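One structure is given here, and the rest of the page talks about it.
Please read all numbers here as calculations on a predicted model, not as lab measurements. Residue numbers run from 1 in the order of the sequence given.
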Amino acid sequence: LEQAAIGGHPTARHNLGCIEGGNGRTDRAIKHWIMASKLGEDAALSSLRSFYSKGFVGKEDFASALRGHQAAVDATKSHQREAAKEFYETSGGE
């Protein structure tokens, strides 16, 4: 799991954050979730949002993670992907 996170796998990074949080290391969990959010991991952003609402994450850190998440999501969008999605949905895919 750690090797995958180091290698840039956002879900692995999020999962490490969950493990750290479960072990009471909130600061480390938040750092993992910020990194995963900036890689486009929705679950990490959700975890950060929850901790932000409880006062564990600062406004600037949350805003930075939110901007990074949006940039990562935008980077995966393309006309070709949208056309493929439309084709898939119109051809009976869900």
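Seen from the ring of Phe56, Lys54 does not count as a face-on cation partner, given the 6.0 Å and 45° thresholds.
Between Ala29 and Gly17, the shortest heavy-atom distance links the atoms CB-O, 3.1 Å. Closest approach of Arg81 and Thr76 over heavy atoms only: CD-O, 2.7 Å. Across all their heavy atoms, Trp33 and Cys18 have their closest contact at NE1-N, 3.6 Å. Smallest separation of non-hydrogen atoms from Lys38 and Ala72: O-CB, 3.5 Å. The minimum heavy-atom distance between Pro10 and Ala36, with the atom names listed, is O-CB, 3.5 Å.
Taken to the nearest 0.5 Å, the OG1 atom of Thr11 stands 9.5 Å off from the CG atom of Leu39. In this structure, Arg28 CZ and Ile19 CD1 are separated by 11.0 Å, a value rounded to the nearest 0.5 Å. Annotation: the span from His14 atom NE2 to Ser46 atom OG amounts to 7.5 Å, rounded to 0.5 Å. The CZ atom of Arg13 sits 9.5 Å away from atom CD of Glu2, with the distance rounded to the nearest 0.5 Å. Note that CZ of Phe62 is 5.5 Å distant from CG of Leu45, once rounded to the nearest 0.5 Å. A distance of 15.5 Å separates CD in Gln80 from NZ in Lys85, rounded to the nearest 0.5 Å.
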Side chain to side chain donor-acceptor pair (under 3.5 Å) assessment of Asp42 paired with His69: CA-CA 8 Å; Asp42 294 332; His69 180 270; 2.8 Å; yes
Leu66 vs Gln70, side chain to side chain contact (heavy atoms under 4.5 Å, CB included): CA-CA, chis, key distance, verdict: CA-CA 6 Å; Leu66 191 58; Gln70 189 60 51; over 6 Å; no
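When atom types are taken as modelled, the side chain of Ser91 and the backbone of Phe87 share a donor-acceptor pair closer than 3.5 angstrom.
Residues Val73 and Lys77 have side chains in contact (heavy-atom distance under 4.5 Å, counting atoms from C-beta outward). Considering only heavy atoms from C-beta on, Leu48 comes within 4.5 Å of Ile30 through its side chain.
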